[in-house]
Amino acid sequence: MARRGGASSDGRRVVRVSRKGKFATADLLFDRGPDLSLDREARRLDGRIALAEVSGGKARIVRDIGSPENARDVVLAKLSEGVGHYGFRKKVEGEAREAAAAAKVDPGARKDLTELATFTVDPATARDFDDAVSARREEDGTRLWVHIADVAAHVKPGSSLDETAAERSNSTYVPGAVEPMLPKVLSADACSLAPDVERLAVTTEIELSGSGDVIAANFYRSLIRSDARLDYDQLDELFAGRGTAPERIAEPLEVARRIAGELGRKREGTALVVDSREPEFEFDSAGDVVSAHGVEQTEAHRLIERLMILTNEQVALLLEKRRAPTIFRVHEQPDPARVERLIEQLASLDVPTPALPKNLAPAQAAEIATEASRMVAAEAERRGHGRGAYTSLVLRSLSQAVYSDRNLGHAGLGSQAYCHFTSAIRRYPDLVAHRALLAVVGEGESAPRREEVRETAVLASERERESARIERDADDICSCFLLRRELFDAGPRHEFEGEVRGVIGAGLFVAFSGELGDVYEGFLPARSLAGERFDMNDQETAQVGKKTGRAVRLGDPVSVRVERIEAPRGRVDLEPVDG
């Protein structure tokens, strides 16, 4: 299998080529290590980066990627090395084209909802639209339809297409690029719920009372046509009264907004409150990063998120009730000892905390962590800083959400049963849940086998962690290139205002903003703090001076300058302005 996330130098790695006389050598772009020998033909790639097959100190060029000075090229290099593949085999591409064509000829027996007013909401840069929404008022409440792309109609178990999707487990997204789980003829075309075209879907139809309680839920295959494609910014503008929704979807949109509001109120007190701020980068035509900002979770984001959570819960509840083999998304109750440690850490930062009972049970620990997340958000709002740092402490006290063939509940959402169902274009566990649901409701699919489900859940959890690491590294790379651009304009001694986002024995991680971006982060060594020796405190929340007791704590504002940038490795070293 191709290298994906391992530590060995062997496998498919990205190298930087150097010509040395008649010969060429290479060094790893993203890791340190000895020079690698290349054949003479590689001399033509002098100064460029390439994907290479590395074995026993030798490298064989597989594909020229571009320049190590170009942000987009380096990000693509990180993506290629991280996932261990590029594109799809011809056989898989052929199967995908055949599947897309066959569905157009024969969509199969399904409920025709093409006359139902329907809309999608996605990021402005999205190319695959995997969910759409319809809603209407009824005499005693509301009715909601959530339509998800019917990937199971295109991807059949046992096909090369299916095996490839299972092996990849998910699409991996980096700034400006994606390595999809499915070929683009499906992910960006046949399975994408684009506006004004008929598409195959799996619909969850939910009847809700006037107070937002679920009365009934039905599931079936459908044929839909989206009437409008909105992005999050457009929807927020509409909600702010700075625009008018297309007439056909104006009423359904307002009903969906009301449903989402009720769902949010019902979940208050049971779900974690966490800081969610994803970086978004803008490139110019040459592939250089020119700006960036953190995308805040707005009402538009919350509307779609709440409707998708409701759908995922309804599917999981039915599959659990029928004891159908499937993949659940589980988030176990936190370890009481870790939550006790969280309260100790927050107290060391003078952040208000919930009271701890003497003998903390796991269920109580979950309640304490949820309450702590709310208090953290309120305190950060009051102080005007620290939310990212304090939230990171809350998240580190919790178990990691994973995929499992057993329903263990989702503590973070306060859900008794939960699965991933609403993004089958880009996540294989969702496709498994589709097949399980369609088998249960008699819609023409064979139920997944329990042994395969267990193995798939383990692999999907592993692949998810790997993709998250790749995506995080790619964001760091883009931030570094942008910061380098900013310093070119502002000068190397330019000062930045930031705040401490992490503490380790060797120093502090500092998040800071500039003129071009608000997504920078770098490392400030403890040895650079002037005047005395600093050591990490017992709570791991501050660096404390040995002589004076002066503390630099998580969430504290700090002024820094950039000492060094290693853009391809996503590393920034900082120095304090005042010591």
Task: Side chain Q234, main chain D231, donor-acceptor under 3.5 Å - done: yes
Task: For the student: nearest non-hydrogen atoms of G294 and V519, plus distance - done: N-CG1, 3.8 Å
Task: salt bridge (Lys or Arg N to Asp or Glu O under 4.0 Å) between R501 and D556, intermediate numbers included - done: CA-CA 8 Å; R501 190 61 59 86; D556 281 357; over 6 Å; no
Open item on the list: I'd like to know if the side chain of D405 and the backbone of E455 have a donor-acceptor N/O pair within less than 3.5 Å.
Closed with: no
Open item on the list: So that I can tick it off, tell me whether R465 and E462 are bridged by a salt bridge, with the cut-off set at under 4.0 angstrom between side-chain N and carboxylate O.
Closed with: no
Open item on the list: Looking at D430 and T422, would you say the former's side chain and the latter's main chain have a donor-acceptor pair under 3.5 Å?
Closed with: yes
TODO: Could you grab the distance from atom SG of C191 to atom CG of L182, nearest 0.5 Å is fine?
DONE: 6.5 Å
Open item on the list: Could you check whether any side-chain heavy atom of E379 comes within less than 4.5 Å of a side-chain heavy atom of R374, counting everything from C-beta outward?
Closed with: no
Open item on the list: So if I apply the side-chain contact (heavy atoms from CB on, under 4.5 Å) rule between V133 and each of L144, I259, T311, V121, which one comes out positive?
Closed with: L144
Task: E540 vs L554 side-chain heavy atoms within contact, under 4.5 Å - done: no
Open item on the list: Is it the case that over 12 heavy atoms from other parts of the model lie below 6.0 angstrom from the CD atom of Q416?
Closed with: no
- [ ] Compare all side-chain heavy atoms of F328 with those of H410 and state whether any distance is below 4.5 angstrom.
- [x] no
Open item on the list: If you apply the rule salt bridge (Lys or Arg N to Asp or Glu O under 4.0 Å), what do you find for E299 with R302, and how did you get there?
Closed with: CA-CA 5 Å; E299 183 184 359; R302 290 190 293 272; 5.7 Å; no
Task: Whether F421 and H434 hold their rings parallel, tilted or perpendicular, with breakpoints at 30° and 60° - done: parallel
Task: Minimum heavy-atom distance A194-S226, with the two atoms named - done: O-CB, 3.8 Å
- [ ] Any chance you could measure S222, atom OG, to L113, atom CG, to the nearest 0.5 Å?
- [x] 5.0 Å
Task: Closest non-hydrogen atom pair, A132 against I224 - done: CB-CD1, 4.2 Å
Task: Rounded distance (nearest 0.5 Å) linking atom CG of L230 with atom OG1 of T120 - done: 6.5 Å
TODO: Taking atom types as modelled, find out whether T541 and S348 have a side-chain donor-acceptor pair closer than 3.5 angstrom.
DONE: yes
Task: N-O pairing of K184 and D128 below 4.0 Å - done: no
TODO: Validate the cation-pi geometry between R168 and Y428: distance from NZ or CZ to the six-membered ring centre under 6.0 Å, angle to the ring axis within 45°.
DONE: no
Open item on the list: Taking CD in E247 as the centre, count heavy atoms belonging to other residues, nucleotides or ligands within less than 6.0 Å. Is the count above 12?
Closed with: no
Open item on the list: To the nearest 0.5 Å, what is the distance between CD1 on I327 and CZ on R435?
Closed with: 10.5 Å
Open item on the list: Using a 3.5 Å distance criterion without hydrogens, assess whether the side chain of R463 forms a donor-acceptor pair with backbone atoms of E167.
Closed with: yes
Task: Note, R426 side chain near D130 side chain (heavy atom, < 4.5 Å) - done: yes
Task: Sub-4.5 Å side-chain heavy-atom contact between P252 and S134 - done: no
TODO: Could you give me the CA-CA distance, side-chain angles and deciding distance for R553 and D350, then say whether side-chain contact (heavy atoms from CB on, under 4.5 Å) is met?
DONE: CA-CA 10 Å; R553 309 186 304 174; D350 300 320; 3.1 Å; yes
Open item on the list: For I206 and L208: C-alpha separation, side-chain torsions, deciding distance, then whether side-chain contact (heavy atoms from CB on, under 4.5 Å) applies.
Closed with: CA-CA 6 Å; I206 305 174; L208 299 111; 4.0 Å; yes
TODO: Please answer whether the main-chain N or O of M181 pairs with a side-chain N or O of S171 as donor and acceptor at a distance below 3.5 Å.
DONE: yes
- [ ] Give a yes or no on whether the backbone of Q539 and the side-chain of Q345 come within a donor-acceptor separation of less than 3.5 Å.
- [x] yes
- [ ] Quick one: do Y232 and I304 satisfy side-chain contact (heavy atoms from CB on, under 4.5 Å)? Show the steps, please.
- [x] CA-CA 9 Å; Y232 291 118; I304 296 302; 4.2 Å; yes
Open item on the list: Does E381 have more than 12 heavy atoms from other residues, nucleotides or ligands lying within 6.0 Å of its CD?
Closed with: no
Open item on the list: Under a plain distance cut-off of 3.5 Å, with no hydrogens placed, do S291 and E282 share a side-chain donor-acceptor pair?
Closed with: yes
Task: Distance-minimising heavy-atom pair for P354 and E371 - done: CG-CG, 3.6 Å
Open item on the list: With rounding to the nearest 0.5 angstrom, report the CD to OG1 distance, Q314 to T204.
Closed with: 8.5 Å
Open item on the list: Has R143 got a side-chain atom pairing as donor or acceptor with A135's backbone, closer than 3.5 angstrom?
Closed with: no
TODO: Show your working on side-chain contact (heavy atoms from CB on, under 4.5 Å) between R449 and V453 and close with a plain yes or no.
DONE: CA-CA 6 Å; R449 293 169 49 200; V453 164; over 6 Å; no
Task: Side chain S373, main chain T370, donor-acceptor under 3.5 Å - done: yes
Task: Euclidean distance, H301 NE2 relative to E296 CD, rounded to 0.5 Å - done: 9.5 Å
- [ ] Look at R110 together with D150 and state whether they make a salt bridge at an N to O cut-off of under 4.0 Å.
- [x] yes
Open item on the list: Using only atom types and a distance under 3.5 Å, with no angle test, would you say the side chain of E471 pairs donor to acceptor with the backbone of Y173?
Closed with: yes
TODO: Scan side-chain atoms only and decide if D227 and T118 contain a donor-acceptor pair under the 3.5 Å cut-off.
DONE: no
Open item on the list: Side chains of V202 and H147, heavy atoms from C-beta outward: is any pair under 4.5 Å?
Closed with: no
- [ ] Inspect the contact between R225 and E198 and indicate whether a charged nitrogen and a carboxylate oxygen are less than 4.0 angstrom apart.
- [x] yes
TODO: Kindly confirm or rule out a cation-pi arrangement of R329 over Y403, judged by NZ or CZ under 6.0 Å from the six-membered ring centre and within 45° of its axis?
DONE: yes
Task: Lys/Arg-Asp/Glu bridge criterion (N-O < 4.0 Å) met for D213, K266 - done: yes
Open item on the list: Quick check: do F219 and T203 have side-chain heavy atoms less than 4.5 Å from each other?
Closed with: no
- [ ] Considering non-hydrogen atoms only, spot the tightest contact between P362 and P336 and give its length.
- [x] N-CG, 3.9 Å
Open item on the list: Looking at R338 and E340, is any side-chain nitrogen of the basic one under 4.0 Å from a carboxylate oxygen of the acidic one?
Closed with: no
TODO: Report yes if some heavy atom in the side chain of F512 is under 4.5 Å from a heavy atom in the side chain of E521; otherwise report no.
DONE: no
Open item on the list: Salt bridge check, E262 against R265: does any charged N sit closer than 4.0 Å to a carboxylate O?
Closed with: yes
TODO: State which residue, out of I425, V151, L161, fulfils the side-chain contact (heavy atoms from CB on, under 4.5 Å) condition with L186.
DONE: L161
TODO: Could you check E179 against T172 for side chain to side chain donor-acceptor pair (under 3.5 Å), going step by step and ending with a plain yes or no?
DONE: CA-CA 5 Å; E179 186 64 14; T172 302; over 6 Å; no
Open item on the list: Give me the atom names and distance for the closest heavy-atom approach of A153 to L200.
Closed with: CB-CD1, 4.0 Å
Open item on the list: For G412, is there any backbone N or O sitting under 3.5 Å from a side-chain donor or acceptor partner on H331?
Closed with: yes
